[in-house]
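Just so it is clear: chains get the letters A, B, ... in the order the sequence lines come, proteins before strands, and each one is counted from 1.
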Amino acid sequence: EAQVTQNPRYLITVTGKKLTVTCSQNMNHEYMSWYRQDPGLGLRQIYYSMNVEVTDKGDVPEGYKVSRKEKRNFPLILESPSPNQTSLYFCASSPAGGAYEQYFGPGTRLTVT
Amino acid sequence: QKEVEQDPGPLSVPEGAIVSLNCTYSNSAFQYFMWYRQYSRKGPELLMYTYSSGNKEDGRFTAQVDKSSKYISLFIRDSQPSDSATYLCAMTYTGKLIFGQGTTLQVKP
C-alpha cells in the first residue's frame with residue numbers, strides 16, 4: 001500500500017530531551033515536507049526537501065532540524081524541545097517536482113512538558 | 001496580513017445543499033492552488049489542485065481559481081453528511097506550501 005508513515009504517533013517528553021520523529025514514504029517521491037498544526041494557527045510548514053540534495057526552511061523552522069540522506073526518509077529532529085513545540089506534526093511527500101500534490105502521513109501528537 | 005485568508009466558519013448546511021468555500025490570497029507568486037479535506041484526528045487528504053485560472057471539476061467537487069482577483073473557491077454539489085470535515089485551501093510557489101486556516105463544514109441529515 002502506497003503511504004507515508006510516521007513514528008511515533010504519540011509522544012510525551014520533557015523540556016530539553018532530544019527527540020526524533022521519523023517519516024518514511026514508499027512511493028519513490030522526490031519531495032518531502034514537515035508541518036505543524038496548532039489551533040487557531042492552522043498548518044504551517046517547518047522544512048521541505050525538493051530532493052535528496054536540496055532542503056530548505058519553511059515558515060517556522062526555528063528549533064527544528066531535518067535530514068534527507070535517502071529519498072524515502074525525512075526525519076524531524078528536535079535538539080532541545082520546549083513546551084511551545086507541543087503540537088500535531090505531519091509529514092508529507094509529493095511525486096512532482098514541487099509541493100502541489102502532497103500526500104500526508106497520519107500525524108504525530110507531541111507533548112513537551 | 002496573512003498570505004492566505006480563509007473564513008474558519010463553522011458552516012452548517014442541510015444535506016443536498018450546494019456548499020461554497022473560499023480563500024483569498026495576497027502573493028502573486030503562487031502557482032498552484034489546492035483543496036484538502038481533513039477529518040478529525042486524521043492527516044489532510046488532497047481533493048484537487050489547479051494551476052491556471054478557471055474551473056476544474058471532479059465528481060461533486062468543482063475548484064475555481066481567479067488569479068486576477070486572487071480568489072479561489074471550492075463548490076460541493078449535493079452535499080452529504082460524510083462531507084462533514086475541515087476544508088483547507090493551500091497555495092504553493094517553488095517548494096513552499098501555505099495553508100489557509102481551514103473552514104469547518106457540517107452537513108446535517
Given that the side chain runs from C-beta out, which part of A/E101 has a heavy atom under 4.5 Å from chain B: side chain, backbone, both or neither?
both
Only pairs of heavy atoms separated by less than 4.5 Å count here; which of B/K96, B/Q101, B/Q31 has the most with chain A?
B/K96
Hey, is the main chain of B/S82 close enough, under 3.5 Å, to the side chain of B/Q80 for a donor-acceptor pair?
no
Which bit of B/K42 is near chain A, if near means a heavy-atom gap under 4.5 Å: side chain, backbone, both or neither?
backbone
In terms of ring plane angle, is the pair A/F104 and B/Y36 parallel, tilted or perpendicular, where the classes change at 30° and 60°?
perpendicular
Hey, does the side chain of B/K56 reach the backbone of B/Y49 with a donor-acceptor pair shorter than 3.5 angstrom?
yes
Measuring heavy-atom distances to chain B, does A/D56 have an atom under 4.5 Å in its side chain, in its backbone, in both, or in neither?
neither
Heavy-atom contact with chain A under 4.5 Å, split by part of B/Q6:
neither
Please examine the side chains of B/R41 and A/R109, heavy atoms only from C-beta on, and report whether any two atoms are closer than 4.5 Å.
no
Closest approach of A/D38 and A/S87, non-hydrogen atoms and distance?
OD1-OG, 2.8 Å
